[in-house]
Amino acid sequence: MGIRASIPGGSPIIDTKIHPDVNFFTSAVVAVEPHAFMSGVWRPVKPRVDSKLIANRANPTKALNFLSWNIWFDTFHYEERIHEQIKIIKTQDPDFVLLQEMTASMLKIYLNDSHIQQNYFTSDATGATIGRYGVLMLFKRNIHFLSLNLYSLTTCMSRSLLLGTFKIHPDDTEIWVVGTAHLES
């Protein structure tokens with residue numbers, strides 16, 4: 001049996017058994033612990049509603065905004081590119097930032113930015129889930145996460161899917177499933 005996710009009241013958005021003889025996931029699943037910037041460092045946080053971590057609780061999100069981006073892992077002008085990417089994130093103010101081709105050195109620049117620190121949880125604060133290059137999810141602090149998992153995909157290039165479950169408000173009955181993957185071409 002595969003992983004199956006759907007929007008409440010809707011049709012499936014992920015079904016790992018697209019064809020009965022093909023499973024796109026390996027057996028490797030890693031629970032990912034999101035981090036929040038607190039007291040000058042990125043600290044792991046547990047899935048719960050913690051009023052100290054949730055910014056803008058009085059102004060809950062009314063509509064969700066997503067930014068999904070292959071940021072190109074190449075070192076060509078990478079610092080300048082990352083600073084420009086962060087400017088766009090600040091301007092667009094997305095609820096979820098889904099990044100592909102993230103490297104550990106790029107991650108450090110992202111996580112040293114005060115806007116990212118003050119407004120987002122990150123799926124990785126050390127590069128542990130990224131490897132040579134991988135995927136990263138940033139999500140606003142007013143979004144309540146229930147779980148984050150990294151699924152190894154059956155690929156020739158060791159790709160993975162980062163999949164999270166979220167509530168937009170702590171009292172919601174709807175659970176959102178958000179993911180990012182870097183697929184092979």
Side-chain angles (χ1 to χ4, degrees), residues 30-150 159-170 176-182:
V30 176
V32 176
E33 209 169 32
H35 289 71
F37 195 77
M38 299 180 288
S39 303
V41 296
W42 288 94
R43 299 181 189 276
V45 290
K46 300 288 182 199
R48 62 191 162 100
V49 177
D50 187 336
S51 60
K52 290 185 228 170
L53 299 176
I54 299 169
N56 303 321
R57 194 169 188 172
N59 299 313
T61 303
K62 297 205 179 346
L64 293 179
N65 297 304
F66 294 83
L67 175 65
S68 181
W69 204 340
N70 182 321
I71 59 172
W72 190 36
F73 69 89
D74 195 84
T75 57
F76 181 76
H77 294 292
Y78 84 96
E79 288 190 34
E80 295 91 336
R81 290 194 340 260
I82 293 167
H83 290 296
E84 289 301 314
Q85 293 163 8
I86 292 170
K87 283 183 190 176
I88 292 169
I89 291 170
K90 289 175 184 177
T91 302
Q92 297 296 316
D93 196 34
D95 298 297
F96 289 89
V97 180
L98 312 168
L99 302 171
Q100 303 89 42
E101 295 198 18
M102 175 64 70
T103 66
S105 59
M106 293 173 161
L107 178 65
K108 288 178 187 175
I109 298 170
Y110 265 92
L111 298 185
N112 280 329
D113 182 81
S114 62
H115 179 79
I116 301 293
Q117 292 172 349
Q118 294 168 10
N119 293 287
Y120 290 95
F121 289 113
T122 180
S123 62
D124 191 337
T126 64
T129 65
I130 292 174
R132 184 173 152 245
Y133 64 90
V135 294
L136 183 80
M137 184 182 299
L138 302 172
F139 53 97
K140 286 283 189 84
R141 286 185 172 216
N142 63 333
I143 296 190
H144 309 274
F145 70 94
L146 304 174
S147 67
L148 273 177
N149 291 294
L150 189 66
R159 301 294 172 91
S160 58
L161 166 68
L162 180 60
L163 193 64
T165 55
F166 303 89
K167 285 186 172 188
I168 305 309
H169 309 289
W176 287 75
V177 179
V178 178
T180 184
H182 182 213

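Listed for the Asn65 side chain is no donor-acceptor partner under 3.5 Å among the backbone atoms of Asp95. Formation of a donor-acceptor pair under 3.5 Å by the Thr165 side chain with backbone atoms of Ser147 is found in this model.
Taking the ring pair (Phe, Tyr, Trp, His ring centres under 6.0 Å) definition, one finds that Phe139 meets it with Phe121, Phe145, Phe166, sequence neighbours left out.
Contact check for Thr122 versus Ile116: no side-chain heavy atoms found under the 4.5 Å cut-off. Using a 4.5 Å cut-off on side-chain heavy atoms (C-beta onward), Lys90 and Asp113 make contact. Residues Val32 and Met137 have side chains not in contact (no heavy-atom distance under 4.5 Å, counting atoms from C-beta outward). Looking at heavy atoms from C-beta onward, Trp176 lies out of side-chain contact with Ile143 at the 4.5 angstrom threshold. You'll find the side chain of Met106 stays beyond 4.5 Å of the side chain of Glu101, heavy atoms only.
A salt bridge links Lys87 with Glu84; the closest basic N to acidic carboxylate O contact falls under 4.0 Å.
Taking both residues in full, the closest heavy atoms of Leu136 and Ser123 are given as CD1-OG, 3.4 Å, listed atom of the first, atom of the second, then distance. Contact between Ile130 and Thr103 at its shortest, heavy atoms only, is CG2-CA, 4.0 Å. Residues Leu111 and Ala125 share a closest heavy-atom pair of CD1-CA, 3.5 Å. Shown here for Ile89 and Tyr120, the closest heavy-atom pair between the two residues is CG2-OH, 3.9 Å. Between Met102 and Leu107, the shortest heavy-atom distance links the atoms SD-N, 3.4 Å. Leu162 and Val135 get closest at one heavy-atom pair: CB-CG2, 3.8 Å.
Here NE2 of His115 is found 5.5 Å from CG of Asp93. Values are rounded to the nearest 0.5 Å. In this structure, CG on Asp124 lies 7.0 Å from NE2 on His35, to the nearest 0.5 angstrom. Between the CZ atom of Arg141 and the CD atom of Gln117 there is a distance of 9.0 Å, given to the nearest 0.5 Å. If you take CD1 on Ile109 and CD1 on Ile86, they are separated by 7.5 Å, rounding to the nearest 0.5 Å. For the atom pair Phe37 CZ and Asn112 CG, the distance stands at 8.0 Å (nearest 0.5 Å). Of the inter-residue distances, the one linking Asn149 atom CG with Thr129 atom OG1 reads 11.5 Å to the nearest 0.5 angstrom.
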Practice task
Test Val177 against Leu163 for side-chain contact (heavy atoms from CB on, under 4.5 Å), laying out the working first.
Solution key: CA-CA 7 Å; Val177 179; Leu163 193 64; 3.5 Å; yes
Exercise for the section: Take Gln85 and Leu99 through the side-chain contact (heavy atoms from CB on, under 4.5 Å) test and state the conclusion after the steps. Expected result: CA-CA 11 Å; Gln85 293 163 8; Leu99 302 171; 5.7 Å; no
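Environment of NZ in Lys108: sparse, with no more than 12 heavy atoms of neighbouring residues, nucleotides or ligands closer than 6.0 Å.
Judged by distance alone, the side chains of Gln100 and Ser68 do bring a donor and an acceptor atom under 3.5 Å apart.
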